[in-house]
Structure formats: structure tokens, C-alpha cells
Colleague: 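Let me give you the structure first, and then I'll get to my questions.
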Amino acid sequence: MLTKRIFDIVLSFAGLIVLAPFLIVLALLIKLHEGGPVIFRQKRIGRGGKPFYIYKFNSIKVDASTEEGLFGPGNISNSSRFGKFLRKTKMNELPQLYNVLKGDMSFVGPRPEIERWVSVYPERWEKALRVRPGITDKASIMFLNEEFI
């Protein structure tokens, strides 16, 4: 387990350093296209049921419903053209490298869910909450194009 954490720290730190110029350009493009916040932040439930904030590049109109997770998975109806591009290419997920560096997430593990859904289906989440959530998992790969399925 320690080896995986060391891998996560080294790779996320290196990724943030190497990608920093690209991340800055993306942030500027988001600000130009969206005009709103560059970073989308949402409370998710992590290992041991501990809440944390997940960070993504903003690709959707942020309002109360997005904070509460009241939109359907893959719902892109409130995305701009640039936001749809970010989501399709998964570039909106790049700020999660910071979540990995902080220790809230790992590169591989179950995707973290919002508190509302974890509390409604606790038995479904019991096993997943034993490990650090990840940026990618089997479902992320299987549903790579979930917006179009």
C-alpha cells in the first residue's frame, strides 16, 4: 500500500510540474469561454467515509444542482461547446492530480461519489469506501463516452 502511495505522490507531483504550462493555458481558455469559475469543486466521499473536495476544470454551468449532484451522470445539456470538448477529452479531470498529491485520491480506484448517493445506498459503497478513490477505474474505461451512450 505504501508503494502505491509513493507512486501516486511522485507521478502526481511530476504531472503537475510538467503539465503546469498546459494547465495555465486551459485555465485561461476556460475563463475566456465560460467567464465563470475555472475550477469546479464538489464534496465527495472518500476512504473510510471521509468527505473531501474533488477538483475539476469547469465544464458545466455551476449552480446549486451541480453542487448537490442533482444532474444525471453524463448530462452535458448545461455544457458549453468548450466544456463538452474538455469532458470528451477528459482534460477536465486534470486538476484531480492535486487530489492525488494531497492523498484524497489515487490514480486507480473506485470513482468517489457524492454523500447523497452514498447515504442512500450504503451497502453498495461499503466495499468501495475501504480504499482510496481513484481518477480511473474499470467503469471509467467501460463508460469512456458516457455522454454519448
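All figures in this text were calculated on a predicted structure; none of them were measured in a lab. Along the sequence shown, residues are numbered consecutively beginning with 1.
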Colleague: Quick check: closest heavy atoms across Tyr53 and Asn99, and the distance to 0.1 Å?
Modeller: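 Closest pair (atom of Tyr53, atom of Asn99, distance): O-ND2, 2.8 Å.
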Colleague: Carefully, step by step, assess Lys102 and Phe52 under the rule side chain to side chain contact (heavy atoms under 4.5 Å, CB included).
Modeller: CA-CA 10 Å; Lys102 281 180 37 180; Phe52 72 96; 5.9 Å; no
Colleague: As a quick check of understanding, evaluate side chain to side chain contact (heavy atoms under 4.5 Å, CB included) for Ile54 and Arg41, giving each step before the final call.
Modeller: CA-CA 6 Å; Ile54 193 169; Arg41 178 183 91 139; over 6 Å; no
Colleague: What class does the angle between the rings of Phe82 and His33 fall in, given that below 30° is parallel, 30 to 60° is tilted and above 60° is perpendicular?
Modeller: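 Answer is parallel, since the angle falls under 30°.
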Colleague: Would you indicate whether the side-chain heavy atoms of Thr136 and Phe107 approach each other to under 4.5 Å?
Modeller: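 The answer is no; the side chains never approach within 4.5 Å.
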Colleague: How many angstroms lie between atom CG of Asp104 and atom CZ of Arg132, to the nearest 0.5 angstrom?
Modeller: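 One gets 8.5 Å once the value is rounded to the nearest 0.5 Å.
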Colleague: Pairs under 3.5 angstrom only: tabulate donor-acceptor contacts from the side chains of residues 118-128 to other protein residues two or more places apart or in another chain.
Modeller:
| residue | atom | partner | partner atom | Å |
| --- | --- | --- | --- | --- |
| Ser119 | OG | Glu115 | O | 3.2 |
| Ser119 | OG | Arg116 | O | 3.0 |

Colleague: Please answer: with hydrophobic residues joined when any side-chain heavy atoms are less than 4.5 Å apart, are Met105 and Leu19 in the same cluster?
Modeller: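 As far as the 4.5 Å side-chain criterion goes, Leu19 and Met105 are connected within one cluster.
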Colleague: How far apart are the closest heavy atoms of Ile60 and Arg87, and which atoms are they?
Modeller: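 Answer, listing the atom of Ile60 first, then Arg87: CG2-NH1, 3.3 Å.
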Colleague: Verify the cluster assignment for Val131 and Leu11: are they in a single hydrophobic cluster under the rule of side-chain heavy atoms below 4.5 Å apart?
Modeller: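 No.
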Colleague: Quick check for you: to the nearest 0.5 Å, what is the distance between Leu29 atom CG and Met91 atom CE?
Modeller: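 Here the interatomic distance stands at 9.0 Å.
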Colleague: How many angstroms lie between atom CG of Leu97 and atom CG of Leu16, to the nearest 0.5 angstrom?
Modeller: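 Those atoms lie 5.0 Å apart.
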Colleague: Backbone N or O of Ile135 within a donor-acceptor pair of the Arg111 side chain at under 3.5 Å?
Modeller: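 A pair under 3.5 Å: yes.
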Colleague: Check the hydrophobic clustering (I, L, V, M, F, W, Y; side-chain heavy atoms under 4.5 Å; chains of links allowed) and say if Val10 and Leu2 are grouped together.
Modeller: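 Linked within one cluster.
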Colleague: Minimum heavy-atom separation for Lys4 to Ser106, with atom names?
Modeller: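 Here Lys4 and Ser106 meet closest at CE-OG, 3.0 Å.
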Colleague: Which heavy-atom pair separates Val38 from Ile30 by the least distance, and what is that distance?
Modeller: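 Scanning both residues, the minimum pair turns out to be CA-CG2, 4.0 Å.
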Colleague: Could you tell me whether the side chain of Tyr98 reaches within less than 4.5 Å of the side chain of Ser12, counting heavy atoms only?
Modeller: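 No - every pair of side-chain heavy atoms lies 4.5 Å or more apart.
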Colleague: Look up atom CG in Leu129 and atom CD in Glu113, then write down how far apart they are to the nearest 0.5 Å.
Modeller: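 These two atoms lie 10.5 Å from each other.
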Colleague: Linking I/L/V/M/F/W/Y whenever any side-chain heavy atoms sit under 4.5 Å apart, do Leu86 and Val25 land together?
Modeller: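 Same cluster: Leu86 reaches Val25 through Ile, Leu, Val, Met, Phe, Trp or Tyr contacts under 4.5 Å.
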Colleague: What heavy-atom pair brings Gln96 and Tyr55 nearest, and what distance separates the two atoms?
Modeller: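 Here Gln96 and Tyr55 meet closest at CG-O, 3.1 Å.
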Colleague: State the CG-CD1 distance between Leu23 and Ile17, to the nearest 0.5 angstrom.
Modeller: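 One finds 10.0 Å between CG of Leu23 and CD1 of Ile17.
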Colleague: Mind listing the closest non-hydrogen atom pair of Ser59 and Asn92 along with its distance?
Modeller: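 Looks like OG-ND2, 4.0 Å.
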Colleague: Using a strict 4.0 Å threshold on nitrogen-to-oxygen distance, state whether Lys56 and Glu93 make a salt bridge.
Modeller: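 Yes, charged N to carboxylate O under 4.0 Å.
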Colleague: Is any side-chain heavy atom of Ile9 closer than 4.5 Å to one of Leu101?
Modeller: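 With C-beta onward as the side chain, the pair touches.
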Colleague: In Å, rounded to the nearest 0.5 Å, how long is the span from CG of Leu94 to CG of Leu26?
Modeller: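 Reported to 0.5 Å precision, the distance equals 7.0 Å.
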